Protein chains: 2
Amino acid sequence: MLKISKLTDYATILLIHLSRHQKAISSSILAVETGVPEPTVAKVLKMLTRATLVQSCRGAGSGYMLKSTLDQITLASVILAIEGPIDLVNCDHEHCRVTLKNCTLYGKWEGISLQVRDVFEKVTIADLQNQNKAIHSC
Amino acid sequence: MLKISKLTDYATILLIHLSRHQKAISSSILAVETGVPEPTVAKVLKMLTRATLVQSCRGAGSGYMLKSTLDQITLASVILAIEGPIDLVNCDHEHCRVTLKNCTLYGKWEGISLQVRDVFEKVTIADLQNQNKAIHSC
DNA sequence: TTTTAAATGGACTAAAGTAGTCCTATATAC
DNA sequence: GTATATAGGACTACTTTAGTCCATTTAAAA
C-alpha cells in the first residue's frame with residue numbers, strides 16, 4: 001500500500017502540538033489536545049523519542065519536548081521513525097523466486113525509492129503546519 | 001505502509017513478458033515463464049485488462065496482449081490498476097475526529113501525494129525493463 | 001522520605017489489508 | 001460440440017497495523 005500509516009499522521013500532529021509549548025508536556029495532555037487516544041499518543045511519542053526527534057523527561061510534571069524546530073524535522077525522518085526505511089519493494093534476497101543474478105529490476109526500484117524518499121526529505125513539518133490554529137489531520 | 005504491493009510487482013513483470021510476444025498468450029503460459037503461480041497471474045491480468053493496459057481475447061489459443069508499447073505505460077498507471085489511486089492519507093471526511101474546517105493538514109498531504117504520483121508518472125515500464133533477458137524482480 | 005506523576009518496555013488483542021486459491025459462467029477457435 | 005481461455009467473484013490464510021494494557025523505572029513535589 002502506498003499510504004502513510006495513521007501513526008505517522010499522528011506523529012506530525014503531535015510534533016506540531018509540541019512546538020507550541022515551551023515546557024515539556026505529558027502524553028495525557030497531548031491526548032486531550034489532539035483528540036487522539038492516550039495509549040496511542042504514548043506509543044507514538046515513544047517511537048519519536050527513540051528516533052531522537054523529541055526529548056523525554058520522566059517524573060511528575062515532566063513529559064516530552066521537541067529536540068529541534070519544526071523546520072528542521074523532515075517528513076522523511078518522521079516516516080523513518082514510525083515506519084522504518086522507505087523501500088518500495090522489500091526484496092529480502094532469501095525467499096526470492098529467482099536467483100539474485102537475474103533480478104535486474106531490483107536496481108531500478110531502488111532508484112525510484114530514492115526519488116520518493118527525496119520528496120519526503122524536502123518537506124519539513126513546518127511546511128505541513130499551517131499559519132492558523134487548526135492542527136488535526138483527518 | 002509505503003510499499004508497492006507484490007501484485008504491482010508481478011504486474012510489471014507480466015507486462016514486460018507480454019511485450020516479448022507478438023501473439024496473445026495465456027495466463028498459464030505466463031505463469032510458467034515467470035514462475036508466478038497461475039491463479040495469481042490470472043488475477044493480475046484480469047486487473048490489467050479492466051484498466052485497459054492489456055487486451056484480452058477468449059477462446060482456445062487466445063489470451064492476453066499489450067495494448068501499447070512499454071514506453072507508453074507509466075508505472076503510475078500500473079499502480080492505479082492494481083492498488084487504486086495514489087493517496088498518501090485516506091481521509092474519508094466521514095469518520096474524521098475533527099470537523100473538516102479544522103483539517104488544514106489535508107491540503108498539504110494532497111500536494112505531497114501529487115509529488116509522489118509525479119515520480120511514478122515519469123517512470124515507464126520500458127524504463128524498468130533491462131536490456132538483458134532477466135525479468136524477475138525479487 | 002513518601003507520594004505521585006510520568007516515561008519505558010514489552011506483550012497482547014483486534015481490526016484491516018494483502019496474497020493467493022478456487023469455482024462457476026461465458027466466450028471463441030477448431 | 002469440444003477444448004481452451006478469460007471473467008467475475010467468493011473465499012481462506014496470512015501479514016501488517018492500530019490500539020490497549022500492565023509492570024517497571026524515574027524523578028519531581030509534598
Side-chain angles (χ1 to χ4, degrees), chain A residues 1-11 13-14 18 21 23-32 34-65 79 81-84 87-90 92 95 97, chain B residues 1-11 13-14 18 21 23-32 34-65 67 79 81-84 87-90 92 95 97 137:
Chain A
M1 259 234 293
L2 224 47
K3 290 221 186 304
I4 292 293
S5 89
K6 266 194 191 178
L7 297 187
T8 299
D9 192 6
Y10 295 159
I13 295 170
L14 292 171
L18 279 173
H21 293 271
K23 295 262 165 187
I25 46 174
S26 66
S27 55
S28 54
I29 291 177
L30 277 172
V32 173
T34 58
V36 178
E38 197 275 331
T40 302
V41 170
K43 184 182 195 174
V44 172
L45 286 171
K46 275 182 236 174
M47 294 194 239
L48 293 177
T49 305
R50 274 182 218 140
T52 67
L53 290 178
V54 307
Q55 199 161 24
S56 67
C57 193
R58 292 187 179 188
S62 44
Y64 295 93
M65 281 182 67
I79 293 173
I82 307 291
E83 312 187 31
D87 265 315
L88 294 181
V89 292
N90 40 359
D92 62 0
H95 309 90
R97 288 178 194 278
Chain B
M1 258 234 293
L2 226 46
K3 289 220 188 306
I4 292 292
S5 88
K6 265 193 192 179
L7 296 186
T8 299
D9 192 6
Y10 295 158
I13 295 168
L14 292 171
L18 278 174
H21 293 271
K23 295 263 167 188
I25 47 175
S26 67
S27 53
S28 53
I29 291 177
L30 277 171
V32 173
T34 58
V36 178
E38 196 276 330
T40 302
V41 170
K43 183 181 195 174
V44 172
L45 286 173
K46 276 181 236 175
M47 294 195 240
L48 293 177
T49 305
R50 273 182 220 144
T52 67
L53 290 178
V54 306
Q55 200 162 24
S56 67
C57 194
R58 292 186 178 187
S62 45
Y64 296 94
M65 282 184 67
K67 271 201 111 168
I79 293 173
I82 307 292
E83 312 187 30
D87 265 315
L88 294 179
V89 292
N90 42 357
D92 60 1
H95 309 90
R97 288 178 194 276
S137 97

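Order of the sequence lines sets the chain letters (A, B, ...), proteins ahead of strands, with each chain counted from 1. None of these values were measured; they are calculated from a predicted model.
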| task | Using a 4.0 Å heavy-atom cut-off across all strands, classify A:Leu7 as base, sugar-phosphate, or nothing. | result | sugar-phosphate
| request: Remember a base hit wins even if backbone is also touched, and classify B:Ser28 as base, sugar-phosphate or nothing at under 4.0 Å, heavy atoms. | output: nothing
| field | Most 5' of B:Lys46 and B:Ile4 on DNA chain C, judged by nearest nucleotide | value | B:Ile4
| remark: The residue, A:Ile25 or B:Arg58, whose nearest nucleotide of DNA chain C is more 5′ is A:Ile25
OP1 or OP2 of [N] versus the side-chain N and O atoms of [X]: is any pair under 4.0 Å?
| X | N | value |
| --- | --- | --- |
| B:Arg50 | D:dG8 | yes |
| B:Ser5 | C:dA19 | yes |
| A:Ser27 | C:dA7 | yes |
| A:Tyr64 | C:dA6 | no |

| note | Among the nucleotides C:dA29, D:dA28, C:dT21, whichever has the atom closest to the side chain of B:Lys43 is C:dT21
| remark: Which of D:dA5, C:dA6, D:dT20 is nearest the side chain of A:Pro37? It is D:dT20
| Are B:Leu48 and B:Ile82 side-chain neighbours, meaning at least one heavy-atom pair lies under 4.5 Å? | yes
| Option among B:Met47, B:Glu83, B:Lys3 that satisfies the side chain to side chain contact (heavy atoms under 4.5 Å, CB included) test with B:Thr8 | B:Glu83
